[in-house]
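These notes are about the structure you will find just below.
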Amino acid sequence: NGFDIRFDKQTGWLTQYALGGKEILLSPLQPHFWREPTDNDIGNSQQMRCAVWKDVLQTARLESIRVEKDSAGRHIVVTQIALPAVGAMYLARYLVQPDGSIVVSAGMKAGKSPQPELPRFGMRVLLKGQYDNVSWFGRGPFDNYEDRKTAAAVGLYRMKADSLFHPYPRAQESGYRTDVRHISITDAAGTGLEAQGLPLICTGVLHFDMARLGFDRHATENNHGGSMRNEDLVWWNIDYKQSGVGGDNSWGATPHAEYMLPYRDYQYSFILRPAAP
């Protein structure tokens, strides 16, 4: 009672999540493999080497979708989606429970053809702009990454959505937090969604479309971080992990191997549920 969740039978994506008749989502919950490049990424040409991961969903093809019920009467939606651009298969399972929570289990089965490393393995969704209050239990308060997180203590933090982004001189990947136990994004009344890691997730929040951080090597100018203005949306990544940001140098060195995401099988789980007011 009190919630409405819908899936698109043509694509397999979760497309709607409404609470009390109020829709929260602006876009489907979809897999996401890309990040807009950092200065260090550009130095080692990641944005060219890994470009296949940017638009991989453009050729995604739903292979199967089925709805089941378990012994407790809970609905289970299982999807299998081909990713021909990288020769992989994306598998997702959504266990929808009576209180509106969804246990999401997402994985990728890598194919046999060689592919570059993944900048990210996770999911992303756009929320309506009024959902701009962010609270998380994980590393913070400043942005942190797999190879740049020791100084970020695990704690409970609260910020406005636009405060998670750091205005670097050139607008680039930012707003990320690692080792997150749970994160909620709510409106002024405390209504919204919460994601809980099973056991941990990484998460990114921006108050604008991430594509605005895009880098074009042939552009005559690029956005300054301080020039980014809020849009009427909140971009939310719910990830397994993102590649490290490196920094041994900025003219060729990649992140250390243990902080990269090679092309292989991946799987992770989290719970998406109504946030407690």
Side-chain angles (χ1 to χ4, degrees), residues 7-8 10-14 27-38 40-42 44-66 68 76-95 102-125 145-147 173 176 178-180 195 197-204 210-211 236-246 253-272:
F7 291 84
D8 187 325
Q10 301 303 311
T11 64
W13 310 136
L14 189 161
S27 79
L29 178 68
Q30 296 178 309
H32 193 215
F33 308 98
W34 182 250
R35 75 165 177 221
E36 296 302 340
T38 66
N40 290 343
D41 292 337
I42 293 166
N44 66 59
S45 299
Q46 187 205 59
Q47 82 281 7
M48 293 183 284
R49 183 177 65 254
C50 301
V52 67
W53 293 106
K54 183 175 183 179
D55 299 317
V56 70
L57 292 189
Q58 288 189 0
T59 55
R61 181 180 66 252
L62 179 65
E63 295 288 314
S64 67
I65 180 170
R66 68 181 190 272
E68 308 167 349
I76 304 170
V77 180
V78 181
T79 65
Q80 182 171 304
I81 296 167
L83 303 176
V86 291
M89 192 68 68
Y90 190 83
L91 310 169
R93 180 181 186 271
Y94 308 85
L95 170 60
I102 309 173
V103 181
V104 181
S105 300
M108 184 181 76
K109 291 289 185 183
K112 295 182 179 179
S113 60
Q115 301 292 342
E117 77 273 15
L118 288 70
R120 176 199 309 270
F121 183 77
M123 303 185 85
R124 65 92 169 156
V125 66
Y145 295 80
E146 282 301 301
D147 56 354
E173 161 61 37
Y176 210 60
T178 63
D179 295 342
V180 173
L198 293 174
L200 299 174
I201 52 175
C202 298
T203 190
M210 181 181 284
W236 187 15
N237 279 100
I238 308 172
D239 295 345
Y240 165 67
K241 281 184 182 178
Q242 193 183 134
S243 174
V245 293
T254 63
H256 292 196
E258 62 267 34
Y259 303 117
M260 297 177 73
L261 299 173
Y263 180 63
R264 61 171 177 80
D265 294 354
Y266 288 96
Q267 196 280 330
Y268 80 123
S269 299
F270 61 92
I271 301 173
L272 186 67

CD on Gln80 to OG on Ser64, rounded to 0.5 Å: 4.5 Å
Aromatic plane relationship, Tyr90 with Phe33 - under 30° parallel, 30 to 60° tilted, over 60° perpendicular: perpendicular
N/O donor-acceptor pair under 3.5 Å between Tyr263 side chain and Gly111 backbone: yes
Whether Trp53 side chain and Pro116 backbone form a donor-acceptor pair below 3.5 Å: yes
Rounded distance [0.5 Å steps], CZ in Arg61 versus OG1 in Thr11: 14.0 Å
Expected output: side-chain Tyr94 to main-chain Phe7 donor-acceptor under 3.5 Å: no
Rounded distance (nearest 0.5 Å) linking atom CD of Glu117 with atom CD of Gln46: 5.5 Å
Minimal non-hydrogen separation, Asp179 against Cys202, with atom names: N-SG, 4.2 Å
Distance, nearest 0.5 Å, that separates OG1 of Thr178 from CG of Leu200: 9.0 Å
Heavy-atom closest pair, residues Pro119 and Arg35: CB-N, 3.9 Å
Least distance between heavy atoms, Ser113 atom then Val86 atom: OG-O, 4.2 Å
Heavy-atom donor-acceptor pair, Asn44 side chain to Ala253 backbone, under 3.5 Å: yes
Side-chain heavy atoms of Leu14 within contact of Ile102, under 4.5 Å: yes
Any Gln10 side-chain heavy atom under 4.5 Å of Leu62 side chain: no
Point-to-point distance, once rounded to the nearest 0.5 Å, from CD of Gln115 to CZ of Arg264: 15.5 Å
Working for side-chain contact (heavy atoms from CB on, under 4.5 Å), residues Leu272 and Met123: CA-CA 12 Å; Leu272 186 67; Met123 303 185 85; over 6 Å; no
Spacing of OH belonging to Tyr240 relative to CE belonging to Met108, to within rounding of 0.5 Å: 11.5 Å
Beyond-backbone contact of Pro255 with Val245, side-chain heavy atoms, under 4.5 angstrom: no
Option from Leu29, Asn237, Asp239 for which side chain to side chain contact (heavy atoms under 4.5 Å, CB included) with Arg124 holds: Asn237
Donor-acceptor pair, side chain of Arg120 and main chain of Trp34, under 3.5 angstrom: yes
Tyr268/Tyr266 aromatic ring centres below 6.0 Å: no
His256 side chain to Asp147 side chain, donor-acceptor N/O pair below 3.5 angstrom: no
Val78 and Leu91: CA distance, side-chain angles, deciding distance, side-chain contact (heavy atoms from CB on, under 4.5 Å) verdict: CA-CA 8 Å; Val78 181; Leu91 310 169; over 6 Å; no
Closest heavy-atom pair and its distance - Leu118, Ser243: O-CB, 4.1 Å
Any side-chain heavy-atom pair of Gln30 and Ile81 under 4.5 Å: no
Side chain to side chain, Asp41 and Glu173, heavy atoms closer than 4.5 Å: no
Any Val103 side-chain heavy atom under 4.5 Å of Leu198 side chain: yes
Exercise: identify the closest heavy-atom pair between Ile201 and Ser269: CG2-O, 4.4 Å
Heavy-atom side-chain contact between Trp13 and Pro31 under 4.5 Å: yes
Considering all heavy atoms, the nearest Phe270-Ala195 contact: CD1-CB, 4.5 Å
